[in-house]
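In this chain, numbering begins with 1 at the start of the sequence shown.
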Amino acid sequence: MSDLDIQIPTAFDPFADANAEDSGAGIKEYVHIRIQQRNGRKSLTTVQGLKKQFSYNKILKDLKKEFCCNGTVVQDPELGQVIQLQGDQRKNVSTFLVQAGIVKKDNIKIHGF
């Protein structure tokens, strides 16, 4: 019996490397464009997840001028800076961000009805 190498089975987690925090593979930075219903027909569009290297105020200024709407930059403790625009501007904002070269099209997620 001394010739046999007996291995005792240990707990094996096949997803351990996928759940590791330090593995940067597969992690994408998405820009989330959401809509919130205010009251009646009024709505609010929020843009969250832009990189910190961009000037939020300059992007907001261009968005307001392009789409003829009002907006503001809100500082959220959990999400960071969030751009808010009046009205349903989801498609407009996504095409603007892609054409300006700020975000790639596959890194944008549009939420809402």
Side-chain angles (χ1 to χ4, degrees):
M1 281 235 149
S2 63
D3 294 335
L4 291 174
D5 291 329
I6 300 174
Q7 293 182 350
I8 300 173
T10 58
F12 176 69
D13 187 10
F15 300 107
D17 56 342
N19 293 335
E21 291 293 326
D22 56 348
S23 69
I27 297 176
K28 283 189 175 181
E29 295 293 325
Y30 287 108
V31 174
H32 298 276
I33 302 173
R34 295 184 172 89
I35 188 169
Q36 295 176 348
Q37 193 70 34
R38 285 179 43 210
N39 51 0
R41 296 176 60 184
K42 299 186 188 288
S43 60
L44 187 72
T45 302
T46 59
V47 181
Q48 173 224 336
L50 292 172
K51 294 183 180 176
K52 297 187 187 337
Q53 68 187 14
F54 295 117
S55 173
Y56 282 72
N57 290 325
K58 288 184 180 181
I59 294 173
L60 175 66
K61 182 180 175 184
D62 290 340
L63 288 171
K64 285 168 53 174
K65 194 170 192 175
E66 182 79 21
F67 307 134
C68 299
C69 65
N70 204 355
T72 186
V73 176
V74 177
Q75 180 66 35
D76 188 80
E78 225 175 80
L79 305 173
Q81 289 186 329
V82 178
I83 297 176
Q84 290 183 343
L85 296 170
Q86 286 182 346
D88 186 5
Q89 307 290 343
R90 292 175 291 175
K91 290 184 181 177
N92 295 337
V93 170
S94 65
T95 56
F96 176 84
L97 293 176
V98 171
Q99 287 178 353
I102 297 172
V103 183
K104 294 180 182 173
K105 187 172 183 171
D106 52 339
N107 289 352
I108 294 178
K109 288 200 173 187
I110 298 177
H111 304 276
F113 31 79

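- One distance of note links NE2 of H111 with CD of Q48; it measures 8.0 Å at 0.5 Å rounding.
- A distance-only check finds a donor-acceptor pair linking the side chain of Q37 to the backbone of K42 [under 3.5 Å].
- The same ILVMFWY cluster, assembled from side-chain heavy atoms under 4.5 Å apart, contains both I83 and I110.
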inquiry  = Set out, in order, the CA-CA distance, both residues' side-chain angles and the distance that settles side chain to side chain contact (heavy atoms under 4.5 Å, CB included) for T45 and I33, then state yes or no.
reply    = CA-CA 7 Å; T45 302; I33 302 173; 4.0 Å; yes
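- Hydrophobic cluster membership is shared by L50 and V73, with clusters built from Ile, Leu, Val, Met, Phe, Trp and Tyr side chains linked at under 4.5 angstrom.
- Annotation: the span from N70 atom CG to L60 atom CG amounts to 8.0 Å, rounded to 0.5 Å.
- Here OG of S43 is found 8.0 Å from CZ of R90. Values are rounded to the nearest 0.5 Å.
- Between the side chain of T46 and the main chain of Q84, no donor-acceptor pair closer than 3.5 Å is present.
- Under the side chain to side chain contact (heavy atoms under 4.5 Å, CB included) rule, S94 has a single partner from I108, V47, V103, which is I108.
- Separation of atoms CG (L44) and CG (L85) is listed at 8.0 Å; rounding is to 0.5 Å.
- Heavy atoms only, all atoms of each residue included: I59 and F54 are closest at CD1-CB, 3.8 Å.
- Contact between D106 and Y30 at its shortest, heavy atoms only, is O-CE2, 3.6 Å.
- Heavy-atom neighbours of E78 CD from other residues, nucleotides or ligands within 6.0 Å: at or below the threshold of 12.
- Here the straight-line distance linking atom CD of Q53 with atom CD1 of I102 works out to 10.0 Å at 0.5 Å rounding.
- A distance of 10.0 Å separates CD of Q99 from CG of L97, quoted to the nearest 0.5 Å.
- Summarising the geometry of F67 relative to Q89, their closest heavy-atom pair is CB-OE1, 3.7 Å, with the distance given to 0.1 Å.
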